[in-house]
Amino acid sequence: MDIKIQKRPWYVRYRMYLLGGVTLAALVVYALVLQLGPRTLRVEIADGQMATVTEGEFLEYIDVNGVVCPATTTRVNATEGGTVERICCHNGDVLRRGDTILVLSNPKLLEEMAAERQNYDLQQMQHRQQLIEMQQKSITLRSQALQADFELKKMAQDYELAEEEARMGVKSKAQLKVARDEYDYNRRRTLLNIESLHQDSMLNVINRQLIRQQMAMEAQKLGNSNRRRDGLVIGAPTDGQIGNLNAVIGGQVAAGEQVGEIGVLTDFKVTARLNEYYIDRVQSGQPATAELKGRKYSFEVSHTTPQVQEHSFAVELKPLEVDKASLRLGQTLRLQIELGKPERRLIIPRGNFYAQTSGQWIMLVDETGQRARRVPIKLGRQNTEHYEVISGLNTGDCILISGYESFGDAEALELKSH
């Protein structure tokens with residue numbers, strides 16, 4: 001006789017399927033909760049990663065590298081062209097005025113100078129010969145003038161004798177008249193000769209002066225030629241340090257070409273380039289500081305260049321309180337150019353969080369110190385040590401300022417000590 005088997009309930013028969021479905025649903029719900037809820041990351045925090053928001057003195061300044069340069073620079077130019085024969089110094093050498101920098105050679109110039117010297121000697125010989133001839137002519141003119149004066153006196157004596165003879169009755173009035181006419185004629189002729197001799201003498205003097213002037217001009221021309229030869233030796237125009245000396249043995253140097261520059265060592269300046277963002281905020285007279293051998297020294301912006309090149313512009317600073325003996329040309333100084341006066345502001349230390357967040361949010365640690373969450377913030381100005389906080393944080397808040405590269409997209413952190 002068959003026994004009737006009792007049919008089991010459906011929830012018993014399908015219990016395995018039901019258990020699997022419930023488990024799958026739980027997993028889906030858990031995934032949704034993780035996806036929609038804040039992402040939490042468990043991280044270890046080391047010393048120095050946390051900081052406190054404080055209210056303190058905030059000074060906005062630009063941190064930039066500056067190079068020490070001479071306040072005055074003199075260009076060294078070649079007055080004559082030629083080939084570099086000898087280099088007598090090197091970049092960085094301290095020279096005295098007149099010290100030799102370069103020696104040039106120019107055979108063509110020397111040939112021209114030799115021809116000018118030969119021409120000068122020939123002209124000087126001709127001028128001396130002309131002077132001798134004029135001296136002789138001057139002697140002749142004086143002799144002729146002396147003879148004419150003697151003849152004039154003799155004619156006057158002859159006429160006086162004729163008058164005496166006429167009074168004595170030796171000569172008639174007709175003879176006296178003839179003697180008077182001859183005397184008047186000879187006297188006027190002699191006076192004209194004397195005047196002509198005087199004019200010739202003056203002309204002779206003028207010609208001799210002209211010749212002497214020509215000789216002086218030719219001597220000056222020869223001196224200029226000799227100075228051209230001296231121009232083949234390029235010397236230091238002033239005391240200082242030579243720089244930018246770009247000559248090489250055998251190289252060609254053109255007349256007027258710059259071969260170097262002399263930096264005067266009696267005074268210095270510091271040059272730097274700033275981002276174009278600060279072109280309207282940096283002006284002459286603004287203070288700056290630099291640390292040199294463990295001490296801070298004061299500087300002042302003395303000049304700004306308005307031209308922008310490659311997104312930057314140049315500024316010059318002069319030292320106010322600095323030991324000039326400790327400065328060296330080409331030395332690099334770390335400058336802090338102040339953009340205003342210190343102000344009481346909410347500040348936080350600088351950290352690598354800015355590279356990850358662009359200053360738009362930060363990790364704020366709660367009162368327990370065990371958790372941190374992302375909060376939006378707004379930062380303002382900055383310097384090399386601090387950021388100015390405009391909103392999002394309060395005095396005494398504890399924040400994370402570094403380690404953000406390991407946080408990923410986490411919006412909350414569980415903190416544990418390292």
Using salt bridge (charged side-chain N to carboxylate O under 4.0 Å, His left out) as the criterion, list what pairs up with [X], not counting sequence neighbours.
{"X": "E388", "answer": "R345, R381"}
{"X": "K318", "answer": "E300"}
{"X": "E291", "answer": "none"}

Heavy atoms only: give me the nearest [X]-[Y] pair and the separation to one decimal.
{"X": "M50", "Y": "V365", "answer": "SD-CG2, 4.0 Å"}
{"X": "A247", "Y": "L102", "answer": "CB-CD1, 3.7 Å"}
{"X": "A288", "Y": "L317", "answer": "CB-CD2, 3.7 Å"}
{"X": "C89", "Y": "I101", "answer": "SG-CG2, 3.7 Å"}
{"X": "L393", "Y": "L346", "answer": "O-CD2, 3.4 Å"}
{"X": "E276", "Y": "V308", "answer": "OE1-CG1, 3.5 Å"}

Got [X] and [Y] here, is their nearest side-chain heavy-atom distance under 4.5 Å?
{"X": "D267", "Y": "T72", "result": "no"}
{"X": "N394", "Y": "V53", "result": "no"}
{"X": "Y278", "Y": "L339", "result": "yes"}
{"X": "L400", "Y": "I362", "result": "no"}
{"X": "I337", "Y": "L274", "result": "yes"}

Side-chain atoms of residues 58-68: list all donor-acceptor pairs with protein atoms under 3.5 Å, sequence neighbours left out, distances to 0.1 Å.
unit_1 : atom_1 : unit_2 : atom_2 : d
E60    : OE1    : R281   : NH2    : 2.8
E60    : OE2    : R281   : NH1    : 2.9
Y61    : OH     : T384   : OG1    : 2.5
D63    : OD2    : R334   : NE     : 2.7
D63    : OD2    : R334   : NH2    : 2.7
N65    : OD1    : R334   : NH1    : 2.8

Quick one: does [X]'s side chain have a donor or acceptor within less than 3.5 Å of a partner on [Y]'s backbone?
{"X": "S358", "Y": "A355", "value": "no"}
{"X": "S302", "Y": "E316", "value": "yes"}
{"X": "Y404", "Y": "M363", "value": "yes"}
{"X": "E411", "Y": "R373", "value": "no"}
{"X": "T54", "Y": "G56", "value": "no"}

Atom pair [atom1]/[atom2] of [X] and [Y] - distance to nearest 0.5 Å:
{"X": "L333", "Y": "T271", "atom1": "CG", "atom2": "OG1", "value": "10.0 Å"}
{"X": "I262", "Y": "R75", "atom1": "CD1", "atom2": "CZ", "value": "13.0 Å"}
{"X": "I377", "Y": "L379", "atom1": "CD1", "atom2": "CG", "value": "4.0 Å"}

Partners meeting ring-ring contact (aromatic ring centres under 6.0 Å, His included) with F313 (sequence neighbours left out): none
Tell me every residue that passes side chain to side chain contact (heavy atoms under 4.5 Å, CB included) with [X], counting only those two or more places apart in sequence or in another chain.
{"X": "A314", "answer": "R273, T305"}
{"X": "R295", "answer": "Y297"}
{"X": "S105", "answer": "T83, E85"}

Chi angles and distances behind the side chain to side chain contact (heavy atoms under 4.5 Å, CB included) call for I347, V389: CA-CA 6 Å; I347 56 176; V389 180; 5.9 Å; no
Check: residues 229-243 side-chain donor-acceptor pairs under 3.5 Å, at least two apart:
unit_1 : atom_1 : unit_2 : atom_2 : d
D239   : OD1    : R97    : N      : 2.6
Q241   : NE2    : G92    : O      : 2.8

Looking at R371 and E414, is any side-chain nitrogen of the basic one under 4.0 Å from a carboxylate oxygen of the acidic one? yes
Sort and list the pairs that fulfil salt bridge (Lys or Arg N to Asp or Glu O under 4.0 Å) and have at least one residue in residues 389-398, not counting sequence neighbours. none
Residue pairs, two or more places apart or on separate chains, that pass salt bridge (Lys or Arg N to Asp or Glu O under 4.0 Å) and touch residues 346-363: none
What residue pairs, at least two apart or across chains, pass ring pair (Phe, Tyr, Trp, His ring centres under 6.0 Å) with a residue in residues 377-397? F353-Y387, Y354-Y387
